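Every chain is numbered from 1 and lettered A, B, ... according to where its sequence line falls, protein lines coming before strand lines. Because the structure is predicted, anything quoted here is derived from the model rather than measured.
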Amino acid sequence: MTIIFGIFLLTLLVITAVAVVRTANLFVAVMLLGIFSLLIAANFLLLDAADVALTEAAVGAGISTVLFLGALALTSERERAATPHRWLSLIVVVSATLVVLYATFDKPTFGDPEAPVQQHVAPWYLEKTPEYIDVPNVVTAVLASFRGYDTLGEVFVVFTAGIGVLFLLSAQHGHAARRRPDEDGSNIGLRDDLIPRVVGRLLVPFILLFGLYVQFHGDYGPGGGFQAGALVAAAFILYALVEGEDRTLEALPFNALLTLMVSGALLYGLVGLAGIVFGGTFLDYSVLADDPVAGQHLGILLIEAGVGLTVTGVLLAIFHAFAARDRF
Amino acid sequence: MYYVVAFATLVTMGLALIRAVLGPTVYDRVLSVNMFGTKTVLLISVIAFLAGRPDFLDLALAYALINFIGVLAVLEFFKSRAARRLQEQAPEDAP
Amino acid sequence: MELLGLYHYWVFAILLMIGFYAVVAKVNLVKKLIGLSLFQAAVFLLYITMGKVSGGTAPIFQDGVTDAVFSNPLPQVLILTAIVVGISTTALGLGIVVRIKEEYGTIEEHEIQEIDRR
Amino acid sequence: MQTVLDICSWILLSAGGAFVLVGGIGALRMPNLYTRMHAASVTDTMGAVLVLAGIMLQAGLTLATVKLAAILLFLLMTSPTSSYALANAAMIAGIKPDAGRAADREDDA
């Protein structure tokens, strides 16, 4: 029965994607992208990927809409030109689609337990996690411990992307690009709207609390540093929307965000080096405590904290960089 | 019995999507995004119990908490745009 | 049901190519980035679909349940990190677009090329 | 006892499903933006309350019920707020709450 739900949701997904590409109004495209994100999160949940669905929820529900709207406010809301060479592109794309569709016929049937992808390392992870790491959430175990190198790389990619955005958007930082709060009244957020302001302020502590829960409950249920970082960033973005940029920057100054970004990535790297110092290999947490399993727990806790700090710092720094830009 | 609700929610999601694609105003689309959000919360809660995994409710909780950031961002977007347009007109109006 | 066994992969292929179309055919740079995120989402869907096992459940051990079949955790790990990386790189792209708008006054590709030619 | 609970859940869930469906049809068929918002909010309040209450009865006194209650509380706080925000944004853009289709305009607000 759930497979029928999945098929229905996937069909809606295709309709949404077509509508996103067809509309010439970029604002509408961003709204439809929000629906796309909700649909794909529901699909992930149906495909047993609760952690991935939570990540998509944390990122897609608030942050990506806010970022795209911020970029639209700085550029333009409409596609002005009609698509040139439309038929040529369509022919190319349709023929490529046929090739990819032809390739899918070599795929194993949906949900086949004998498929090659299920035979490789995955059974080993599922079997050995209770013994080596002893956390119920295998996704967290693989993310933080078995594939710690991979996650280290991803954290540095996020970090680098954050630095890149800051380089691009703080070119005239300080005077020309930064608007003063009372100049045009456009960055006080929704401070004059009583109802959103009251409800928003009420929700911020709950989102922060939920973020912490997701961060530290990630070993036992869906969650972890990536989701928690996005949720905490969403809480501060909500605060910025209802109270204005300047007050958010008073609560969490820009330099503090830079410190968060750097310290998270650094913490991850240092935990890896601590493995070497204590006589193991890079990112081997077993040597961090007397008992290897306790060492793994400590290592996972620390690096998840590092991931959470970096993701929060980067997402908020990106948000402020867009919001502080002079608008046309 | 969960199937009844899941079915109703899915059909409503489809209807909301039709409204989002048809428009006609941008606000209709925002409305359907908003509606889609609550429907997703309900659907996830139902699926969590269908699958017998109540820990999936964390996901519904996340959506219930942060779904309306998007709508507030839309309101802020329109307000600041209206303010900017007023400012652009102001110099022309001045004598 | 046999017939629909590949439906998820077909949806992947179609979504991928919808995103591809937006990237190659549209001239608006923000629209290209939106297309890129559709493309990305299609790849996410492919990975997660491959990890699904029929009758399986999310790879989180539950107390008192010993005979559960679990879906593959590995694609989930890869995609989980990729989503956050995806939003950061999209933000980087949007940052470049904003700078282009400030320098060139437009975000339509052909107009930018025309200005460059002068 | 279990039968009584099951029957109560059935009633709540079916009624919730019916409200959700009616709200969805209303959001599609109503003539202009403000009436559509009115229909959509039925699903956010009545529909959500009934469905979540029905699930809560099945969950019993567990952590899941607490989470469901939290979800319900936050939904009841956020969805009227987002309706307000949306109506406010539409008013700023100059869409008048007239009856009939007169208020409909294509996207260019």
Examine whether an atom of L67(A) lies under 4.5 Å from a heavy atom of chain C, and if so say whether it belongs to the side chain, the backbone or both; otherwise answer neither. both
Heavy-atom contact with chain C under 4.5 Å, split by part of F105(A): both
What part of I40(A) lies closer than 4.5 angstrom to a heavy atom of chain C: side chain, backbone, both or neither? side chain
Toward chain C, the part of Y220(A) with a non-hydrogen atom under 4.5 Å: backbone
Applying a criterion of heavy atom separation less than 4.5 Å, what residues of residues 108-118 of chain C form contacts with chain A? E108(C), H110(C), E111(C)
Side chain, backbone, both or neither: which part of L47(A) has a non-hydrogen atom closer than 4.5 Å to chain C? both
Counting only non-hydrogen atoms closer than 4.5 Å, does A49(A) touch chain C with its backbone (N, CA, C, O), its side chain (CB onward), both, or neither? both
I'd like to verify something: which residue of T151(A), L72(A), L54(A), L90(A) has the highest number of heavy-atom pairs under 4.5 Å with chain C? L90(A)
Is it the side chain or the backbone of T11(A) that comes within 4.5 Å of chain C heavy atoms, both, or neither? both
Is it the side chain or the backbone of L45(A) that comes within 4.5 Å of chain C heavy atoms, both, or neither? neither
Residues two or more places apart in sequence or in another chain: which of them pass side chain to side chain contact (heavy atoms under 4.5 Å, CB included) with V135(A)? I133(A), A141(A), D219(A), H297(A)
Could you look at A17(A) and say if it's the side chain, the backbone, both or neither that has a heavy atom under 4.5 Å from chain C? both
Segment of V18(A) engaging chain C (4.5 angstrom heavy-atom cut-off): both
Contact origin within D150(A) toward chain C - heavy atom pairs under 4.5 Å: side chain
Which portion of P123(A) sits near chain C, non-hydrogen atoms under 4.5 angstrom: neither
Between V59(A) and chain C, which part of the residue has a heavy atom less than 4.5 Å away: side chain, backbone, both or neither? side chain
Atom group of L315(A) that falls short of 4.5 Å from chain C, counting heavy atoms: side chain
